[in-house]
**Student:** 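I'd like to ask you about the structure that follows.
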Amino acid sequence: MSFFLEEAQAAYLPKEEFAELMMKRIKSFAIRSIKVSESLPAKIEANVFKTQLVRSASSAAANYRAVRRARSRNEFFSKVSIVIEELDESLFWLEMIIDVGFQTLERLQELIKEGYELLSILAKARKSTKQ
């Protein structure tokens with residue numbers, strides 16, 4: 001789903017429906033990242049990338065679930081910041097996988113694009129919490 005469509009939908013979706021849509025997108029990002037890790041070669045170097053990518057992507061999804069249960073604005077800000085950090089780390093590992101030649105940009109481009117869209121949406125949510 002494109003970022004601009006997501007933004008347009010956000011204006012019309014109730015908060016809980018939007019949160020559910022984001023949960024599905026972040027969980028899908030994690031699952032797709034796991035599939036990328038499974039496609040990496042059986043090399044010692046690749047094992048580091050596999051472990052780190054799976055850890056950070058799955059942590060982003062698990063922590064977004066916690067975001068939805070935040071009891072205050074401060075707790076929301078703190079938890080969404082963790083999700084942003086984990087998504088950003090996942091993107092770092094995806095980029096490293098390309099840089100070392102384990103995968104091509106063409107293969108991972110859509111996943112990376114989705115990650116950056118999620119980062120943008122969550123950064124905007126975090127910023128609006130501070131205001």
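Side chains are part of it too, since the values below use all heavy atoms of this structure and drop only hydrogens, waters and symmetry mates. Numbers here simply count residues along the sequence, with the first being 1.
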**Student:** According to the side chain to side chain donor-acceptor pair (under 3.5 Å) rule, which pairs have a member within residues 43-54, sequence neighbours left out?
**Tutor:**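 For residues 43-54: Gln52-Arg55.
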
**Student:** Apart from Ile34 itself, what residues make up its hydrophobic cluster when side-chain heavy atoms of I, L, V, M, F, W and Y under 4.5 Å apart count as a link, directly or indirectly?
**Tutor:**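 Members other than Ile34 - counting any ILVMFWY side chain reachable under 4.5 Å - are Val54.
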
**Student:** Begin from the C-alpha positions of Glu117 and Arg25 and carry the test salt bridge (charged side-chain N to carboxylate O under 4.0 Å, His left out) through to its verdict.
**Tutor:** CA-CA 10 Å; Glu117 287 179 4; Arg25 285 183 68 180; 3.1 Å; yes

**Student:** Run the salt bridge (Lys or Arg N to Asp or Glu O under 4.0 Å) test against Arg107 and tell me which residues pass, sequence neighbours left out.
**Tutor:**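 For Arg107 there are no salt bridge (Lys or Arg N to Asp or Glu O under 4.0 Å) partners, ignoring immediate neighbours.
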
**Student:** Where is the tightest heavy-atom contact between Pro41 and Ala46, given as atom of each residue plus distance?
**Tutor:**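 Reported closest heavy-atom pair: O-CB, 3.2 Å.
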
**Student:** Per the ring-ring contact (aromatic ring centres under 6.0 Å, His included) rule, what does the pair list look like for residues 20-41, sequence neighbours excluded?
**Tutor:**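 As it turns out, there is no ring-ring contact (aromatic ring centres under 6.0 Å, His included) pair with a partner in residues 20-41 once direct neighbours are skipped.
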
**Student:** For Ser56, give me all partners under side chain to side chain contact (heavy atoms under 4.5 Å, CB included), at least two apart in sequence or on another chain.
**Tutor:**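 Expected list: Glu86, Glu89, Ser90, Trp93.
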
**Student:** Which heavy atom in Leu118 sits nearest to a heavy atom in Met22, and how many Å separate them?
**Tutor:**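 Heavy atoms of Leu118 and Met22 come nearest at CD2-CE, 3.7 Å.
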
**Student:** Who passes side chain to side chain contact (heavy atoms under 4.5 Å, CB included) against Lys35, sequence neighbours left out?
**Tutor:**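 Ile31, Glu38.
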
**Student:** To check you understand the geometry: which heavy-atom pair defines the closest contact between Ser39 and Gln103, and what is its length?
**Tutor:**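 Smallest interatomic distance, heavy atoms only, reads OG-NE2, 2.9 Å.
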
**Student:** Restricting to side chain to side chain donor-acceptor pair (under 3.5 Å), what partner residues turn up for Arg68, sequence neighbours left out?
**Tutor:**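 Expected list: Glu16, Glu20.
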
**Student:** In Å and rounded to the nearest 0.5 Å, what is the CG to CD distance from Leu94 to Gln109?
**Tutor:**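 Spacing of CG (Leu94) from CD (Gln109) equals 12.5 Å.
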
**Student:** Just jot down the side chain to side chain donor-acceptor pair (under 3.5 Å) partners of Glu95, sequence neighbours excluded, or say none.
**Tutor:**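 For Glu95 the side chain to side chain donor-acceptor pair (under 3.5 Å) partners, ignoring immediate neighbours, are Tyr116.
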
**Student:** With a 4.5 Å limit on heavy-atom distance, are the side chains of Ile121 and Phe18 in contact?
**Tutor:**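 In short, these two side chains touch, coming nearer than 4.5 Å.
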
**Student:** Just to verify, what does Ile98 make a side chain to side chain contact (heavy atoms under 4.5 Å, CB included) with, not counting sequence neighbours?
**Tutor:**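 Only Leu105, Leu108, Ile112 meet the side chain to side chain contact (heavy atoms under 4.5 Å, CB included) criterion with Ile98.
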
**Student:** Could you pull out every donor-acceptor pair under 3.5 Å between side chains of residues 74-83 and any protein atom, sequence neighbours left out?
**Tutor:**
| from | atom 1 | to | atom 2 | distance (Å) |
| --- | --- | --- | --- | --- |
| Glu75 | OE1 | Arg71 | N | 2.8 |
| Glu75 | OE1 | Arg71 | NE | 3.0 |
| Glu75 | OE2 | Arg71 | NH2 | 3.3 |
| Ser81 | OG | Phe77 | O | 2.8 |
| Ser81 | OG | Arg126 | NH1 | 3.2 |

**Student:** Under a 4.5 Å cut-off applied to non-hydrogen side-chain atoms, are Leu53 and Met96 in contact?
**Tutor:**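 In short, these two side chains do not touch, never coming nearer than 4.5 Å.
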
**Student:** Take Val67 and Leu122 through the side chain to side chain contact (heavy atoms under 4.5 Å, CB included) test and state the conclusion after the steps.
**Tutor:** CA-CA 11 Å; Val67 165; Leu122 292 168; over 6 Å; no

